[in-house]
Amino acid sequence: MHWCSVTLQWRRKSAKTIAIDAAKYLEEFRQVTLLPLVPMIKQFLKTQKTQFQSLTSLYSLLVLLINSPNLSKSLAKPARTGASSSIDFDESQVINHGVSESIMEAMIEGIRGFFNLTDEEKREFKGKNVLDLIRCGTSFHTSMEKVFYWRDYLKVLVHPEFHFPNKPAGSRFVHWLCCNCCNELSLEYCKRTRGVASELLKAISQSLGLEICYIKKAMDLENELAMGMPPHSDHNLLSLITHNGIGGFELQQNGMWVNIIAIANSFLVNIADQLEILSNGKYKGILHRAIINKKVTRISLVMTNGPSLDKIVNSAPELVNNGINQPAYYGITYKEYLQCQQSNSLDGKGYLDCLRIKPYEVSGFVFGSQ
Ligand SMILES: O=C(O)CCC(=O)C(=O)O
Ligand SMILES: [Fe+2]
């Protein structure tokens, strides 16, 4: 591919960090509506290490930013970055990279199109969790900031899975799930910039006196595997799974992902979340994922068996009312569970974690106390 043979040129330039003091901003720009400083992200950030661990190839996030047109009037002094003794990537530029000017310009225009959407239109992408697949918002972490940043952002996970907003409608910029996405601008841009990053990492390996592919190998970037399904446990009681013999069904054991080689004509049986609740945690919803590769088509049939939709699933009284064990989960209907789990991005056992009762919440009883 042509971006593999880019010649790299480095040019140093001083970096600017743009910061605006909110009070000063108010004074100078009373006519401009102030962005809400109300915390937008108060939600509990779940530990989502699994998602990081699971990504077997370069984890790429595309961050698109737009700044206020009046920004320059109230710039704080550009922050000085610390003295650098080696190449500082915040201060470097690469040219002759092979990504065409037209793609770069069209991306900039596409970004403008996204940020010109009304708040209502963007609402569905408003961010909650750091690892959301698509997340837009304002500033950086508004509930923590004394100085806030006059920028709106859109962050999308673009590799190993490609995600992109489907708005503004009709734009080449957007990701149409239903058509051949290979021609799409944003996908093309991401592929090419990832290629540039890959070349830079080779150059950096060499500059450190290491073998050319050292960083790629050390960071597992060579792996051609892609995520078929990220780590999750199933929402139901029991799942029965069968495959076309390609493998790729993986379970986590002692912190490692293990590929399960299925016996011919067998079903893989997955204990799922409702069984974990019912058994009060004696059975655990199995954390699993599916891995695919570029070469072969993988087919799986997953038969999920769950309770009735309106059934409130609680831990079985026989397992909790014996004076020793306490209920470990809040009960909700299977329907609610399903709706919540399926309308959020899959993140390990995140949703089940929300239903876990913390020891001090059980009728004032604190485990370990007399
Ligand atoms: O494709 C597979 O092997 C598993 C798919 C899966 O985990 C699911 O659909 O919940
Ligand atoms: Fe599953």
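For this chain, numbers begin at 1 and follow the sequence in order. Every number for a ligand or one of its atoms is a count from 1 in the order of the listing. Heavy atoms only: backbone and side chains are in, while hydrogens, waters and symmetry mates are out.
Interface atoms of ligand 1 facing Val302, defined by a heavy-atom separation under 4.0 Å, are 5 (C), 9 (O). Listed by number with element, the atoms of ligand 1 under 4.0 angstrom from any heavy atom of His232 are 6 (C), 7 (O), 8 (C), 10 (O). For ligand 1, the atoms sitting less than 4.0 Å from at least one non-hydrogen atom of His243 are 2 (C), 3 (O), numbered in the order shown with element in parentheses.
By the neighbour-count criterion of 12 heavy atoms within 6.0 Å, atom NZ of Lys335 is sparsely surrounded, having that number or fewer from other residues, nucleotides or ligands.
Here the heavy atom of the protein found nearest to atom 7 (O) of ligand 1 is His288 NE2, 2.9 Å. The single protein non-hydrogen atom nearest to atom 1 (O) of ligand 1 is Ser300 OG, 2.7 Å, given as residue, atom name and distance. For atom 8 (C) of ligand 1, the nearest protein heavy atom (residue, atom name, distance) is Met229 SD, 3.4 Å. In terms of protein heavy atoms, atom 4 (C) of ligand 1 is closest to Phe249 CD1, 4.0 Å.
If you look at Asp234 next to ligand 1, the close heavy atoms, those under 4.0 Å, all belong to the side chain.
Defined by atom type and a distance below 3.5 Å, a donor-acceptor pair is missing between the side-chain atoms of Ser239 and Asn270. No donor-acceptor contact under 3.5 angstrom links the side chains of Asp234 and Thr304, judged on distance only.
The Fe ion (ligand 2) lies at the vertex of an angle of 90° between the NE2 atom of His288 and the OD1 atom of Asp234 (rounded to 10°).
Paired with Tyr337 under the rule side-chain contact (heavy atoms from CB on, under 4.5 Å), one option of Val313, Asn236, Leu355 passes, and it is Leu355. Evaluated for a side-chain hydrogen bond (donor to acceptor under 3.5 Å, both in side chains) with Glu276, the options Lys349, Lys284, Lys282 yield exactly one hit, Lys349.
In this structure, Arg298 counts as a contact residue of ligand 1, since one of its heavy atoms falls inside 4.0 Å of the ligand.
Residues Asp273 and Gly285 share a closest heavy-atom pair of OD1-CA, 4.2 Å.
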